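The block underneath contains the structure these notes are about, expressed in structure tokens.
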Amino acid sequence: MADRIRRPKEFEEFMNKLCKKGESSTQIFDTLKDCMVFCAALGAKNDRKEAINESSEPIMLHLFSGEYDKAFINALAISDTNDARIIESSREDERIKIFEEFACGGLHILRSELGDLDLEIEKQMVSLISKEQQGKSIIDDISSF
């Protein structure tokens with residue numbers, strides 16, 4: 001059973017910039033884990049999964065124990081496979097792989113949208129989120145089974 005979630009090495013610097021507050025960067029996410037969760041959601045919304053060819057330092061799985069993290073990973077796996085049995089403990093590695101691939105796909109989208117992370121990153125993030133939600137309401141999200 002996996003005890004870590006891999007991060008794509010090709011996005012290591014990009015993710016660090018998104019999670020680091022400083023003169024040359026703006027902190028968008030509190031942690032690398034939060035960045036991965038957001039990107040997995042973005043990847044899933046756009047039906048974009050990408051294999052991780054080379055892994056950077058992985059994130060310990062126990063850090064994904066927040067109120068919604070594991071539920072999100074489970075829901076993502078069920079949605080992707082249309083198989084509720086994927087939440088069986090024996091299939092944890094499969095769920096993690098699905099999450100990693102959607103996160104990698106979302107990282108591709110996010111980097112494409114944000115480019116080199118210029119000084120207007122907050123505005124770019126708001127624009128991206130608005131674009132992703134365009135024409136949808138929370139009622140649509142809840143009722144679109």
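No experiment lies behind these values; they were computed from the predicted model shown. Residue indices begin at 1 and follow the sequence shown.
Put simply, the side chain of S112 never gets that close to the backbone of H108: no donor and acceptor are under 3.5 Å apart. Remark: the backbone N or O of I86 is paired with a side-chain donor or acceptor of R95 at under 3.5 angstrom. Remark: side-chain polar atoms of R4 are not paired, donor with acceptor, to backbone N or O of P58 under 3.5 angstrom.
Checked against ring-ring contact (aromatic ring centres under 6.0 Å, His included), F72 has no partners two or more places apart in sequence or in another chain. Every residue meeting the salt bridge (Lys or Arg N to Asp or Glu O under 4.0 Å) condition with D83, not counting sequence neighbours, appears here in chain and number order: R91. In this structure K97 satisfies the side chain to side chain donor-acceptor pair (under 3.5 Å) test with no other residue, sequence neighbours excluded. Residues forming a side-chain contact (heavy atoms from CB on, under 4.5 Å) with D30 (at least two apart in sequence, or on another chain): Q27, D34. Taking the salt bridge (Lys or Arg N to Asp or Glu O under 4.0 Å) definition, one finds that E50 meets it with R48, sequence neighbours left out. Under the rule for a side-chain contact (heavy atoms from CB on, under 4.5 Å), the partners of E54 that lie at least two apart in sequence or sit in another chain are K9. Under the salt bridge (Lys or Arg N to Asp or Glu O under 4.0 Å) criterion, K33 pairs with D69, not counting sequence neighbours.
Annotation for R7 and E57: closest pair NE-O, 2.8 Å, computed over non-hydrogen atoms. The two atoms that bring L76 and A40 nearest to each other are CD2-CB, 4.2 Å, heavy atoms only. Closest approach of L107 to C39, counting heavy atoms only: CD2-SG, 3.6 Å.
To the nearest 0.5 Å, atoms OG1 (T31) and CG (L63) are separated by 8.0 Å. From I28, atom CD1 reaches atom CE of M15 across 13.5 Å, with rounding to the nearest 0.5 Å. To the nearest 0.5 angstrom, D80 atom CG is 9.0 Å from E94 atom CD. Once rounded to the nearest 0.5 Å, the distance linking CG of L32 with CD1 of I59 reads 5.0 Å.
For residues 41-64, the pairs satisfying ring-ring contact (aromatic ring centres under 6.0 Å, His included) are F64-F99, with sequence neighbours left out. Counting only residues at least two apart or in different chains, ring-ring contact (aromatic ring centres under 6.0 Å, His included) contacts with residues 73-93 are absent.
A heavy-atom distance below 4.5 Å is found between the side chains of F11 and C104. The side-chain heavy atoms of V37 and I73, taken from C-beta on, include no pair separated by under 4.5 Å. The side-chain heavy atoms of I96 and E92, taken from C-beta on, include a pair separated by under 4.5 Å.
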**OP:** Evaluate side chain to side chain donor-acceptor pair (under 3.5 Å) for R6 paired with S55, printing each intermediate quantity in order.
**Re:** CA-CA 6 Å; R6 297 174 304 148; S55 178; 5.2 Å; no
